[in-house]
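Read the structure below first, then the notes.
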Amino acid sequence: MDGCLEASLSPLSIPEYVLGCSGRRMPLLGFGTAASPPVGSQLTKTAILQAIELGYRHFDTASLYGTEQPLGEAILEAIAVGLIKSRDELFITSKLWCSDAHGELVLPALQRSLKNLRLEYLDLYLIHWPVSSKPGIYEFPIKQEDFLAMDFKAVWKAMEDCQRLGLTKSIGVSNFSCKKLGDILAFAKIPPAVNQVELNPLWQQKKLREFCKANGILLTAYAPLGAQGTIWGSNRVLECELLKEIAKQKGKTVAQICLRWAYEQGISILVKSFNKDRMKSNLEIFNWSLSQEDVKKINDIPQSRLCSGQDYISKYGPFNTTQELWDGEI
């Protein structure tokens, strides 16, 4: 079954997308839990509870982030205080880290994530980056000498096994180029449902968007606002003069313009703010639209990648340059 956008809105007015292969309903606006630099577990848990109270139902974590445990605790508390009736009301994504990206380590890694989250299943499990590293070492940045070429066939087969076992309802990838996606599609029995990548008005990924649409893969945007405040992010998206001009004309924030633009392109979005007012503001993008003129102006913005992936480049390989990592999509 191909994925499709549901015309109807959920009771909380966040549109949903039905993922191919699994039929899971994924809210198109999700809440990210990656903090760079990291924040304490209690702060993360409190923010997630506030997000659930405001209406967020899609939460994105990863073994690398250190936020699986506070997310799991927040889910239990949300059920206990009646914010939600059961875990089934939520859509939970986590990711396989590079040192676990080996055929025989995928299932144990997922089981460890489920234990941290205190869940019986994930809704979506992603390969975090298209590269492996020495098993048993959990660190970031990864030492250059610890990188290894990923055995894509073995790792993807193990991901498919995880879905067949019901431990995750859907599987996908993150930070994959068109070429690397094509490599997976060539042998996959269950194709990737999602590819999560950097995407915003200043890095629109037009080629990747077309490729994913043609192959029934939903693109999910991380850093839709430029990841301001993180170690690797910048304020260039939120300070873009054209976006500020459109926001002023429409009486919206620049963040809302960016999120609405991505939504209108058929992209799922992850926002990360632990500020309650901004969490609420980020939800207020579904009852208005951009004009064709606005969209054309945004589509004409000069493009450049923010997340270079430099931390995944090594003189020892498998990727010696960012060109190789992204297969020229830079």
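None of the values given here were measured: they were computed from a predicted structure. For reference, positions follow the sequence shown, starting with 1.
- A cation-pi geometry, defined here as NZ or CZ lying under 6.0 Å from the six-membered ring centre and within 45° of its normal, does not hold between Lys180 and Phe152.
- In this structure, Glu264 contributes its side chain and Leu290 its backbone to a donor-acceptor pair below 3.5 Å.
- Taking 4.0 Å as the cut-off between side-chain N and carboxylate O, Glu241 and Lys244 count as a salt-bridged pair.
- For the residue pair Lys179 and Asp327, the shortest heavy atom distance occurs at CD-OD1, 3.5 Å.
- Ring orientation note: the planes of Trp97 and Tyr312 are nearly perpendicular, at an angle over 60° on the 30°/60° scale.
- A search for side-chain hydrogen bond (donor to acceptor under 3.5 Å, both in side chains) contacts involving Asp100 returns Arg112, Tyr138, not counting sequence neighbours.
- In this structure, a donor-acceptor pair under 3.5 Å is present between the side chains of Trp261 and Asn299.
- Remark: the Thr322 side chain and the Gln310 side chain contain no N/O donor-acceptor pair separated by less than 3.5 Å.
- When hydrophobic clusters are built by joining Ile, Leu, Val, Met, Phe, Trp and Tyr residues whose side-chain heavy atoms come closer than 4.5 Å, directly or via intermediates, Leu54 is grouped together with Ile79.
- The six-membered or imidazole ring of Tyr263 lies near that of Phe286, with a centre-to-centre distance under 6.0 Å.
- Hydrophobic clustering, with ILVMFWY side chains joined whenever heavy atoms are under 4.5 angstrom apart, groups Ile184 together with Val106.
- No donor-acceptor pair under 3.5 Å is formed between the side chain of Glu16 and the backbone N or O of Arg25.
- In this structure a side-chain-to-backbone donor-acceptor pair under 3.5 Å is missing from Glu53 to Leu83.
- In terms of modelled atom types and a separation under 3.5 Å, the side chain of Arg209 and the main chain of Leu219 share no donor-acceptor contact.
- With salt bridges taken as basic N to acidic carboxylate O contacts below 4.0 Å, one links Asp161 and Arg164.
- Rounding to the nearest 0.5 angstrom, the gap separating the CG atom in Leu167 from the CG atom in Leu122 is 8.5 Å.
- Put simply, the side chain of Asp311 never gets that close to the backbone of Pro141: no donor and acceptor are under 3.5 Å apart.
- Looking only at atom types and distance, the side chain of Tyr222 has a donor-acceptor partner in the side chain of Asn175 under 3.5 Å away.
- When every heavy atom of Trp326 is checked against every heavy atom of Ser308, the shortest pair comes out as NE1-O, 2.8 Å.
- Ion pairing between a basic and an acidic side chain is recognised when a charged N comes within 4.0 Å of a carboxylate O; Arg87 and Asp123 show such pairing.
- Side-chain N or O atoms of His58 include none that pairs as donor or acceptor with a backbone N or O of Gly32 at under 3.5 Å.
- Panel note: side chain Lys95, backbone Thr61; a donor-acceptor pair is recorded below 3.5 Å.
- Because its NZ or CZ atom is not both nearer than 6.0 Å to the ring centre of Phe211 and within 45° of the ring axis, Lys213 does not count as a cation-pi partner of that residue.
- Using modelled atom types, one finds no donor on one side chain facing an acceptor on the other under 3.5 Å when comparing Gln69 with Ser41.
- Shown here for Leu208 and Ser177, the closest heavy-atom pair between the two residues is CD1-C, 4.1 Å.
- When atom types are taken as modelled, the side chain of Gln144 and the backbone of Gly317 share no donor-acceptor pair closer than 3.5 angstrom.
- The backbone N or O of Asp60 sits less than 3.5 Å from a side-chain atom of Thr33, completing a donor-acceptor pair.
- In terms of the salt bridge (charged side-chain N to carboxylate O under 4.0 Å, His left out) criterion, Glu210 has no residue partners (sequence neighbours excluded).
- The two residues Val237 and Pro224 come nearest to each other via the heavy atoms CG1-O, 4.3 Å.
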